[in-house]
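Right, one structure below, let's go through it.
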2 protein chains.
Amino acid sequence: MGVFSKTCEYALRAVFFIAHRTAEGGKVGIKEVADGIASPEYFLAKILQDLSRKGIIQSAKGPHGGFFIDDKSRKNSLSEVVKAVDGNGLFTGCGLGLEYCSEVNPCPLHNQFKDIRNQIYLMLKNTSIEQFNEDLSLGITALKK
Amino acid sequence: MGVFSKTCEYALRAVFFIAHRTAEGGKVGIKEVADGIASPEYFLAKILQDLSRKGIIQSAKGPHGGFFIDDKSRKNSLSEVVKAVDGNGLFTGCGLGLEYCSEVNPCPLHNQFKDIRNQIYLMLKNTSIEQFNEDLSLGITALKK
DNA sequence: ATATATTAATACCTTTTTATCCTTTTTATA
DNA sequence: TATAAAAAGGATAAAAAGGTATTAATATAT
Ligand code: FES
Ligand code: FES
């Protein structure tokens, strides 16, 4: 497994996709999102439902419904998305799984690991959801395959 | 979940513990290791069996038997341990879970993520198993709680 | 108002990971 | 040679993650 859980990977890709597709208003359906990011449809549905409850994205039922991201939410940083899905253990936890990460009782990898952990956090904190809309439009970056 | 799987966390802590305790020759039993790194004994047993089969650590059955790490193996880097347990997906995989990580079809996070991923690799590659023996002896670093 | 089609939400099932128990094999030594 | 100590291996179970089928909500046409 990678740095993020599968659930979190799908969540991040979906959030990018939805932000991109609803930048000019409008909504996008679950099937389209699932296809756009190559994820299992119903599993993604559950993830989006959760993100919706937590206010990371928005949704509307019924015909012409779908998922979207409002102006305020699209300014959110990726760290909010990761925190909503995986919690913030990735940002604060010990790399070797000690109960607490601390300077007073550090694990052998602590000094090196804390820097890396912080860089992961900064990367996510300093990146907004909407930030890649243009790259996606230009086909510079991809969300599947 | 953190950067490493639970299995991998236990493996790394155990490897540090065994290297430290068998630096002057001798062996250490599974119960002692499990206690020393605060891990479930029988689950750890499986992990150590696996590490032993893969040549990361060594073991001896019978009275006065136990686990140990020979001179050659203790020079191994942590990346070997992680690779043995979790594979090398952590070192090569896409942060957002795309099938392949590549420059030609990069995900939005690719440029930032590849640096971080490489730092994780370098940290592990440049750290040997035996490297923390002294710190552990001095109580500067810990493997439990 | 009501039926209908559309769509998200929920309840359910499967697989993987993590953890435990029990039996077998190996081996030092009494 | 018998005994006990220790890892190895098989079988099982609980928990978490991953994935699928069904249900509920709603806009719109009639
Ligand atoms: S104690 Fe392990 S990373 Fe801080
Ligand atoms: S393509 Fe995603 S990290 Fe390289």
Side-chain angles (χ1 to χ4, degrees), chain A residues 1-15 17-18 21-22 26-69 82 84-87 89-90 96-97, chain B residues 1-14 17-18 21-22 25-35 37-69 85-87 89-90 97:
Chain A
M1 190 32 49
V3 170
F4 306 114
S5 68
K6 213 114 196 70
T7 300
C8 194
E9 289 174 352
Y10 289 145
L12 287 168
R13 301 220 302 273
V15 157
F17 186 88
I18 297 169
R21 286 296 292 275
T22 66
K27 311 186 185 69
V28 57
I30 179 67
K31 276 195 275 292
E32 210 174 339
V33 180
D35 185 61
I37 70 170
S39 78
E41 177 181 337
Y42 295 109
F43 184 43
L44 182 64
K46 208 166 54 175
I47 297 169
L48 294 189
Q49 173 194 339
D50 187 48
L51 290 177
S52 169
R53 265 197 299 269
K54 288 172 175 162
I56 303 289
I57 66 176
Q58 288 74 42
S59 70
K61 281 186 174 183
H64 304 112
F67 295 95
F68 61 101
I69 302 188
V82 172
V85 177
D86 278 353
L90 187 61
L96 293 188
Chain B
M1 189 33 51
V3 170
F4 306 114
S5 69
K6 212 120 195 65
T7 300
C8 193
E9 289 174 353
Y10 289 147
L12 287 167
R13 301 220 303 271
F17 185 87
I18 297 169
R21 286 295 293 274
T22 66
K27 311 183 185 72
V28 58
I30 179 70
K31 275 194 275 293
E32 211 174 337
V33 180
D35 185 62
I37 70 169
S39 77
E41 178 182 336
Y42 293 106
F43 185 48
L44 182 63
K46 295 291 184 205
I47 297 169
L48 295 189
Q49 271 168 40
D50 187 47
L51 289 177
S52 171
R53 268 194 299 268
K54 287 173 175 160
I56 303 289
I57 65 175
Q58 287 74 42
S59 68
K61 284 183 171 183
H64 304 112
F67 295 94
F68 61 102
I69 302 188
V85 176
D86 278 352
L90 188 61

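Every chain is numbered from 1, with letters handed out A, B, ... down the list of sequences.
- Here C/dT18 presents its C1' atom at 13 Å from CG of B/D86, a figure rounded to the nearest Å.
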Nucleotide-resolved protein contact map, nucleotides 6-14 of chain C, B/S/- at heavy-atom distance under 4.0 Å: BSSSBB---

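- A/G2 approaches B/L90 most closely through the heavy-atom pair C-CD1, 4.1 Å.
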Check against side-chain contact (heavy atoms from CB on, under 4.5 Å), B/L48 and B/I18: CA-CA 10 Å; B/L48 295 189; B/I18 297 169; 4.2 Å; yes

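- A straight line from CG of B/L44 to P of C/dT17 spans 18 Å, rounded to a whole angstrom.
- Considering all non-hydrogen atoms of both residues, A/C8 and A/F4 come closest at CB-CB, 3.9 Å.
- Residue pairs that meet the ring-ring contact (aromatic ring centres under 6.0 Å, His included) test with at least one member in residues 46-67 of chain B, sequence neighbours left out, do not exist here.
- Among all heavy-atom pairs drawn from A/D86 and A/S5, the shortest one is OD1-OG, 2.9 Å.
- Residue pairs meeting the side chain to side chain donor-acceptor pair (under 3.5 Å) criterion with at least one partner in residues 38-51 of chain B, sequence neighbours excluded, are B/D50-B/K54.
- When the side chain to side chain contact (heavy atoms under 4.5 Å, CB included) test is applied to B/P40, the partners found at least two apart in sequence or on another chain are B/Y10, B/F43.
- One atom, CD of B/Q58, and another, P of C/dT27, lie 16 Å apart when rounded to the nearest Å.
- With rounding to the nearest 0.5 angstrom, the OG1 atom of A/T7 is 4.5 Å from the CD1 atom of A/I47.
- Scanning residues 2-12 of chain A for heavy-atom distances under 4.0 Å to DNA chain C yields an empty list.
- Note: CZ (B/F43) to P (C/dT18) measures 6 Å, nearest angstrom.
- For the pair B/L51 CG and D/dA8 C1', the interatomic distance rounds to 14 Å; values are reported in whole Å.
- Atom-to-atom distance recorded for A/I69:CD1 and A/S52:OG is 10.5 Å, nearest 0.5 angstrom.
- In this structure, the side chain of B/R13 engages the main chain of B/I37 through a donor-acceptor pair within 3.5 Å.
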Step-by-step side-chain contact (heavy atoms from CB on, under 4.5 Å) determination, B/F17 to B/V28: CA-CA 9 Å; B/F17 185 87; B/V28 58; 4.1 Å; yes

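- Comparing the local axis fitted to the first five base pairs of the helix from C/dA1-D/dT30 to C/dA30-D/dT1 with the one fitted to its last five gives a bend of 10°, rounded to 10°.
- Between the CD1 atom of B/I47 and the P atom of D/dA8 there is a distance of 13 Å, rounded to whole Å.
- Across the protein-nucleic acid pair, B/K54 atom NZ and D/dA8 atom P stand 14 Å apart, rounded to whole Å.
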